[in-house]
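Notes to accompany the following structure.
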Amino acid sequence: MGRWRKGKVFVGWVGGVWRLQRGDELLGEVLVEDGDFPWLSGRFRPQPAFAEVKPLFDEELALTEALADSDSAEDVEAWERVYERIAGALTLVAPHGPVPEFLLHVQGDEAWFRWSDEPFTDDRG
């Protein structure tokens, strides 16, 4: 890929635009401003259609914050159910094309995410 780290910031990713899509519909863009391996973060520019999925991101973020104070299986499962709805319906598109797996948080005009060029494996059986 030609993306190397210099310190904690990914050289080559900063300044790039990643797109959040539902099918061919653009929901928003993330202008990458910073990185701290394995996370990238930046300014989120929502499109009008993002309003339809925003409640999922709000719920996901609230559950993520709740998990910081809890390690209960029920809380983890609640987060997984919400995030499966996000990942199952949306695509994160890097400057080089769609990524098969991602974890994206959106709060206001900020977004932070990590991704994988390989599908995650499900070890839950």
Side-chain angles (χ1 to χ4, degrees):
M1 273 278 198
R3 308 291 183 200
W4 299 96
R5 287 192 317 154
K6 180 178 181 183
K8 292 185 176 183
V9 177
F10 282 96
V11 175
W13 290 123
V14 173
V17 175
W18 292 58
R19 297 182 321 273
L20 179 65
Q21 294 184 199
R22 179 175 49 198
D24 292 333
E25 181 179 31
L26 179 64
L27 301 178
E29 297 177 323
V30 180
L31 172 60
V32 176
E33 297 173 331
D34 198 6
D36 188 1
F37 184 78
W39 295 91
L40 294 176
S41 61
R43 186 78 37 216
F44 184 69
R45 300 183 297 218
Q47 299 300 304
F50 181 73
E52 297 171 31
V53 297
K54 182 182 181 303
L56 283 174
F57 282 93
D58 293 344
E59 184 177 1
E60 183 276 334
L61 191 57
L63 290 167
T64 297
E65 291 171 355
L67 284 174
D69 298 324
S70 169
D71 60 355
S72 79
E74 294 84 16
D75 290 343
V76 171
E77 289 172 7
W79 178 87
E80 287 176 343
R81 281 192 301 274
V82 171
Y83 204 81
E84 285 172 5
R85 292 178 59 201
I86 292 171
L90 307 179
T91 303
L92 187 62
V93 182
H96 66 276
V99 296
E101 299 285 350
F102 65 95
L103 176 55
L104 171 66
H105 305 290
V106 176
Q107 184 175 37
D109 66 349
E110 297 179 27
W112 58 104
F113 64 95
R114 57 190 295 179
W115 83 101
S116 174
D117 280 331
E118 299 292 327
F120 295 150
T121 58
D122 188 351
D123 294 331
R124 292 178 285 178

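Atoms considered below: every heavy atom in the structure, side chains included; atoms not considered: hydrogens, waters and symmetry mates. As the structure is a computational prediction, the values presented were derived from the model and not from experiment.
No side-chain heavy atom of Leu104 sits under 4.5 Å from any side-chain heavy atom of Phe44.
To the nearest 0.5 Å, atoms CD (Glu25) and CG (Leu90) are separated by 9.5 Å. Remark: Leu40 CG to Leu31 CG distance equals 11.5 Å, nearest 0.5 Å. Taking OG1 of Thr64 as the start and CD of Glu59 as the end, the distance is 10.5 Å to the nearest 0.5 Å. Rounding to the nearest 0.5 Å places NZ of Lys54 at 11.0 Å from CG of Leu56. Here Trp18 contributes atom CH2 and Leu92 contributes atom CG; the two are 6.0 Å apart, rounded to the nearest 0.5 Å. The CZ atom of Arg19 lies 11.5 Å from the CG atom of Leu27; values are rounded to the nearest 0.5 Å.
Relative orientation of the His105 and Trp112 rings is tilted, given thresholds of 30° and 60° on the angle between their planes. Ring geometry, Phe57 versus Phe50: the interplanar angle falls from 30° to 60°, so the pair is classed tilted.
Test Val99, Leu20, Val32, Val106 against Phe113 for side chain to side chain contact (heavy atoms under 4.5 Å, CB included) and you get one pass: Val32.
Residues satisfying the salt bridge (Lys or Arg N to Asp or Glu O under 4.0 Å) criterion with Glu52, sequence neighbours excluded, are Arg22.
Residues Phe102 and Leu61 are members of one and the same hydrophobic cluster, defined by side-chain heavy-atom contacts under 4.5 angstrom among Ile, Leu, Val, Met, Phe, Trp and Tyr. Using a 4.5 Å cut-off between side-chain heavy atoms of Ile, Leu, Val, Met, Phe, Trp and Tyr, with links allowed through other members, Val53 and Leu26 fall into different hydrophobic clusters.
For the pair Gly16 and Pro95, the tightest heavy-atom approach, listed with the atom from each and the gap, is CA-CG, 4.4 Å. Nearest heavy-atom pair across Ser70 and Ser72 is OG-N, 3.1 Å. The two residues Thr91 and Pro98 have their closest heavy-atom pair at CG2-CB, 3.9 Å. Between Glu118 and Glu101, the shortest heavy-atom distance links the atoms O-CG, 3.6 Å. Residues Ala78 and Leu63 approach most closely at O-CD1, 3.7 Å, considering heavy atoms.
For the residue pair Trp79/Glu60, the side-chain donor-acceptor check at 3.5 Å is satisfied.
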Go through the steps for Leu67 and Val76 under the test side-chain contact (heavy atoms from CB on, under 4.5 Å), then give the verdict.
CA-CA 7 Å; Leu67 284 174; Val76 171; 3.9 Å; yes
